[in-house]
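Just so it is clear: chains get the letters A, B, ... in the order the sequence lines come, proteins before strands, and each one is counted from 1.
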4 protein chains.
Amino acid sequence: MSGTLNKVMLIGHTGDEIKMHYFEGGGSIGRFPLATNETYTNRTTGERVSNTEWHNIVMRNKAAEICEKYLKKGDKIYIEGRLKTRKWQDDQGRDRYSTEIQCTEFTFLTPKGEGGAMPPDSSSAPAKEQVHTSQPQVEEPIGEEDDDLPF
Amino acid sequence: MSGTLNKVMLIGHTGDEIKMHYFEGGGSIGRFPLATNETYTNRTTGERVSNTEWHNIVMRNKAAEICEKYLKKGDKIYIEGRLKTRKWQDDQGRDRYSTEIQCTEFTFLTPKGEGGAMPPDSSSAPAKEQVHTSQPQVEEPIGEEDDDLPF
Amino acid sequence: MSGTLNKVMLIGHTGDEIKMHYFEGGGSIGRFPLATNETYTNRTTGERVSNTEWHNIVMRNKAAEICEKYLKKGDKIYIEGRLKTRKWQDDQGRDRYSTEIQCTEFTFLTPKGEGGAMPPDSSSAPAKEQVHTSQPQVEEPIGEEDDDLPF
Amino acid sequence: MSGTLNKVMLIGHTGDEIKMHYFEGGGSIGRFPLATNETYTNRTTGERVSNTEWHNIVMRNKAAEICEKYLKKGDKIYIEGRLKTRKWQDDQGRDRYSTEIQCTEFTFLTPKGEGGAMPPDSSSAPAKEQVHTSQPQVEEPIGEEDDDLPF
DNA sequence: TTTT
DNA sequence: TTTT
């Protein structure tokens, strides 16, 4: 079914490095926290309010491995993904819920080269086996035949 | 602080009508669940998988009141907003977290007129006091002076 | 290069059916116009203003063919894509530019079944060879292994 | 009318400083070019292809003035806006069209402080008279009363 | 050229 | 708890 949309777009700073978990079959999953900020002036008190929101980012396979290599704590990153709320049981057997952003695209926004290990073009390396968990500009290689055709 | 982005865009169906709460000062808040669906073919088993994801939508003031009047259970709606995770205590005093989408814009997608109470243009009524909780096309009335000027 | 984002998200009504062009190699391309509307109250005159904006949508391969089959003039559709400005020469040899939205994802929003030819699940048919020109919920089949794992 | 969506989200680098135009009534408009990049590997030839796409950004009033002060050529910026195609006549009286992005929100992504004139918090200064042409995190000051209430 |  |  469909006719629905589930999309999240974040620009924020990582609160930690990615924590990886490798599957036997060769797959992998990684998680890290991402912080976004909001500031506004409270209309009643007139004071400046500042809030930080933390998001649970989940990446898989190639994308996760690229982040393991190149994404450092504090880096700025653009994340696109889908909201997913996982259900789990706490130690008392109670249902608990945790909302995550399953990343489908990302792009590094921290300028490179300052002693970092990042190669010139790593931020746009395609995530091959899992096409969608990668760079926006990378995974949609539309238009190879033409774009010059007169129609 | 800033330089960050926290944006959610959903198209889904409401699982219930909006539950309103009115503040003494005149403000109001409303909540309703929104369902999005995803289907894909499991590559290993080849079977068709279908998942429903539920989102907690939060609206305020004018926007909430428009939804109270016109949004019915099962309606399709576009929601734009921000992710916010609220912390609360359960009856055992344990910290619990609930992630919500604070709606900043919306537009009704269910065709009207089939016996509905919706006025011709209600889906684009501006939410005055809270400019951002309204229709995309309504709140950004950019460009009244020109758009024909030669520059 | 990368570290950039080029994303367009539209909900509108098609102004015409898709015009297809088939390549010899088996590929195809299709184009159709999409209308979005905006209404607002002119603050100076107080009058209600209504504008229609027309967008040039470009689809390829599987996605284009799905639209050729099922998308009718006047249908409502969600389109996600990238902006691309094409350069061409008019009959006087002057440079002309045309901005298009190269569709990477879409989902039909017009309710089906009213005499339409649309099969139950066509709106979520995956665009195989070109993974990204398809349904949002379809192309990102993240998470087949787990989502129940305790980490 | 409504029930439609017209949204563009870009992260790119400015190709020039903003060109301002001031109206007599006190309003202002500014324009600058923004570059986004895409790279992919041509499947047929196997060669790496790199394209730059240029976008015409239009800002108004407070937002334009903030960019005039603080946005430098080459800076990275997040732009959110609406697509609008303007019609104009060339010197031969022919109809010409130019597609622009009318900015509704933005956030600076270039790290500050490197000799720049940018104050610590300028990137989140609210654009008062025109609420929507400003920072994402600024213009939607939802939730001043509570967020701790038990419902 | 769409839709409400 | 929605929808197709």
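- Side-chain proximity of B/T52 to the nucleotides E/dT1, F/dT1, F/dT2 is greatest for F/dT2.
- Separating the CG atom of B/N37 from the C1' atom of F/dT2 is a distance of 7 Å, rounded to the nearest angstrom.
- The aromatic rings of C/F23 and C/H21 sit perpendicular to each other, their planes meeting at more than 60°, with 30° as the lower class boundary.
- The distance between atom CZ of B/F32 and atom P of F/dT1, rounded to the nearest whole Å, is 18 Å.
- Per the geometry, NE2 belonging to B/H55 stands 11 Å off C1' belonging to F/dT2, to the nearest Å.
- One atom, CZ of B/F108, and another, P of F/dT3, lie 16 Å apart when rounded to the nearest Å.
- Within 4.0 Å of B/G74, counting heavy atoms only, lie sugar-phosphate atoms of the nucleic acid but no base atom.
- Per the geometry, CG belonging to B/L10 stands 16 Å off C1' belonging to F/dT1, to the nearest Å.
- In this pair, B/W54 lays its aromatic ring flat on the base of F/dT1, centres within 5.5 Å and planes under 30 degrees apart.
- A straight line from CG of D/N6 to P of E/dT3 spans 18 Å, rounded to a whole angstrom.
- Here E/dT2 is the nucleotide among E/dT2, E/dT1, F/dT1 with the atom lying nearest to any side-chain atom of C/A35.
- With sequence neighbours left out, B/E53 forms a side-chain hydrogen bond (donor to acceptor under 3.5 Å, both in side chains) with no residue at all.
- Rounded to whole Å, the distance from CG on C/L34 to C1' on E/dT3 is 10 Å.
- Straight-line distance from the NZ atom of C/K72 to the C1' atom of E/dT2: 14 Å, rounded to whole Å.
- Partners of D/S98 according to the side-chain hydrogen bond (donor to acceptor under 3.5 Å, both in side chains) rule, which considers only residues two or more places apart in sequence or in another chain, do not exist here.
- Inspection of the C/E38 and C/S50 side chains reveals no N or O donor paired with an N or O acceptor under 3.5 Å.
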